[in-house]
Protein chains: 2
Amino acid sequence: MERTMDAGPDLAALAGAVGDATRIRMLELLMEGRSLVAKELAFGTGVSPATATVHLKRLEQARLIRSTRQGRNKVFRLATPTVARMVEALMTVAVRGPRASATPEPLRAARYCYDHLAGRLGMGITDALLRQGHLSLRRRAFALTPSGEDWFEAFGVDLAPVRDQRRQFAHRCLDWSERRDHLAGALGAALASRVFALGWVERQPDSRGLVVTSAGQRGLRRHFGAL
Amino acid sequence: MERTMDAGPDLAALAGAVGDATRIRMLELLMEGRSLVAKELAFGTGVSPATATVHLKRLEQARLIRSTRQGRNKVFRLATPTVARMVEALMTVAVRGPRASATPEPLRAARYCYDHLAGRLGMGITDALLRQGHLSLRRRAFALTPSGEDWFEAFGVDLAPVRDQRRQFAHRCLDWSERRDHLAGALGAALASRVFALGWVERQPDSRGLVVTSAGQRGLRRHFGAL
DNA sequence: GAAATGGTTCGTCATGGAACGAACGATGGA
DNA sequence: TCCATCGTTCGTTCCATGACGAACCATTTC
């Protein structure tokens, strides 16, 4: 199909890469947890390893995902937080009016969005941090206040390496299930893995989404009050 | 292709609708100006009217666009500002690193994003309004200050009907060419059409994007200082 | 080294769907 | 009333590509 050259970003190429049921499902899977190996992505999309290889290669060429070898495994993750934002925007549109309330309860309650906490849990924590003056609002991001620095360190998050990452520090991410934004970026990811390390949340076995443990209930209440 | 039911939004359906070169181009065209008739969209994508009909129907079924009959014409527009946000997010990702600076100058400078001003012009105006205290920042939106209300009325924007619209009043839209956000929503659209009505900007004949007229240069400087 | 596992490559198949031209219904203007 | 224009419908063609199994490397484990 010949066509005059397009000004601006090459949407057609991107749309081609995104516009396949299996590939978008892969991106969706990568939104939930940090990174997955090829086999998990094949299984998760219900497709043979051979087919998965092709799709993953295509996604990688489109710079939507990145891979690293680990032994005989190949682990994939979203290429950039910007990609996560894009997928999030797609999800926001994909939630149809009448079906909007059909978003499964566990997903509304707590889930990963890329590498940070989302759903009502992520939102609640973010709101609490704002209320307590540990975060403040900036145009496109949150800012960590002095009291916030103390709080994070006391919570067990070593901030130095978090600041050293090349990605945005405290990004604001818009959630498709709640339509409000929550803490993302390097700081959001660090917070999420700390909460995970504390055993406050656990990955749900086969479904997507997270469950808050009873220790988590207590801990969250102690730190953030009623969420 | 049988597959277990997906939790959450139906991304596959959406991805299918978006993932075609012609259809994404149509969405792109609808981002620039308010609304277009079927023929313009056919011509703009280099496709026959028959083919265009099929694509437009598909996009409409996916609720990405909406149409109304006007005489023997059928005019299309993006269904919701949320869709515009999604396309914008796609564009942001589609801008490749090395090619980033290859974004054509006129598009960087001034263009429509859906129905409001974007590019450096939209950003500059937004910044000026913030600096002058006519807008203030909220979490997901801008807020119009009391002085801002006066300013808009003096500028010739009747705010009452703008507030009555069902869409968000002063949304923050992230720009793919500048990677910063600018005034959108009902207020952004009203401002854009006022600026257009004043003859300060004109649609570029065949390219995309806008040009600032000499009257516009003067008017913008007078109201906003150096942009 | 052999066996097991993860991933890739290759060849093939089948299907979806994108495109067109032609014929048709509808609307508006002369 | 008649013509021009706009859009839709239909039938057809044809190509892209998504899927698989089998064979093939590479790495770890025993």
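Protein chains get the first letters and strands the later ones, always in sequence-line order, with residue 1 at the start of each.
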*State, to 0.1 Å, how close A38(B) and F76(B) come at their nearest heavy-atom pair, and which atoms those are.*
CB-CE1, 3.8 Å
With 3.5 Å as the limit, what N/O pairs link the protein to nucleotides 12-15 of chain D?
none

_OP1 or OP2 of dT9(D) under 4.0 Å from side-chain N/O of T53(B)_ = no
*In whole angstroms, how far is the C1' atom of dA18(C) from the CZ atom of R25(B)?*
17 Å
*Whole Å only: how far is the CG atom of L41(A) from the C1' atom of dA19(D)?*
17 Å
*List the atom of T82(B), the atom of T92(A), and the distance in Å for their closest heavy-atom pair.*
CG2-CG2, 3.9 Å
_Listed partners of D181(A) passing side chain to side chain donor-acceptor pair (under 3.5 Å), at least two apart_ = R172(A), R139(B)
Name every donor-acceptor pair, under 3.5 Å, that has one atom in a side chain of residues 185-196 of chain B and the other anywhere in the protein, sequence neighbours excluded.
residue: S193(B); atom: OG; partner: A189(B); partner atom: O; Å: 3.3
residue: S193(B); atom: OG; partner: A190(B); partner atom: O; Å: 3.1
residue: R194(B); atom: NE; partner: F155(B); partner atom: O; Å: 2.8

*Looking at residues at least two apart in the chain, or sitting in another chain, which of them share a side chain to side chain donor-acceptor pair (under 3.5 Å) with Q165(A)?*
none
*Checking salt bridge (Lys or Arg N to Asp or Glu O under 4.0 Å) for the pair K57(B)/E60(B): CA distance, chi angles, key distance, verdict?*
CA-CA 5 Å; K57(B) 188 183 289 184; E60(B) 197 161 13; over 6 Å; no
_What is the separation between atom CZ on F43(B) and atom P on dG7(D), rounded to the nearest whole Å?_
14 Å
*Figure out the CD1/P separation between I24(A) and dG18(D), and round it to whole Å.*
13 Å
*Terminal axis angle for the helix from dG1(C)-dC30(D) to dA30(C)-dT1(D), five pairs an end, nearest 10 degrees*: 30°
*How long is the line joining CG of N73(B) and P of dA4(D), in whole Å?*
18 Å
_By the 4.0 Å heavy-atom rule, please label V37(B) as base, sugar-phosphate, or nothing._
sugar-phosphate
*Quickly work out the L59(A) CG to dT8(C) P distance and round it to whole Å.*
13 Å
*asked:* With a 4.0 Å limit, can you tell me whether K57(A) has a side-chain N or O closer than that to the phosphate oxygens OP1/OP2 of dG7(C)?
replied: no
*asked:* Whether the side chain of R23(A) engages the backbone of A17(A) through a donor-acceptor N/O pair (distance < 3.5 Å, no angle test) should be reported.
replied: yes
*With sequence neighbours left out, what residues match R180(B) under salt bridge (Lys or Arg N to Asp or Glu O under 4.0 Å)?*
D127(B)
*Please check the phosphate of dA26(D) (OP1 and OP2 only) for any side-chain N or O of K74(A) closer than 4.0 Å.*
no
*Sidechain-backbone polar pair: E153(B) side chain, L159(B) backbone, donor-acceptor under 3.5 Å*: yes
*Quick one: ring-ring contact (aromatic ring centres under 6.0 Å, His included) partners of H182(A), sequence neighbours excluded?*
H116(A)
*Tell me: CD of Q61(A) to P of dT17(D), nearest whole Å?*
12 Å
*Among the candidates dG7(D), dA19(D), dT9(D), find the nucleotide nearest to the side-chain atoms of K39(B).*
dG7(D)
*Who pairs with R120(A) by side chain to side chain contact (heavy atoms under 4.5 Å, CB included), at least two apart in sequence or on another chain?*
E105(A), R108(A), A109(A), E178(A)
Are there any protein N/O atoms within less than 3.5 Å of an N/O atom in nucleotides 13-17 of chain C, and if so, which ones and at what distance?
none

*What does nucleotides 21-30 of chain C look like as a protein-contact string, B for base, S for sugar-phosphate only, - for none, at under 4.0 angstrom between heavy atoms?*
B-----BS--
*Under the salt bridge (Lys or Arg N to Asp or Glu O under 4.0 Å) rule, what pairs show up with a residue in residues 155-164 of chain B, not counting sequence neighbours?*
E149(B)-R163(B)
_Suppose we screen for side chain to side chain donor-acceptor pair (under 3.5 Å). Which residues come up paired with T53(B), at least two apart in sequence or across chains?_
none
*Should R85(A) and E88(A) count as an ion pair when the cut-off is N to O under 4.0 Å?*
no
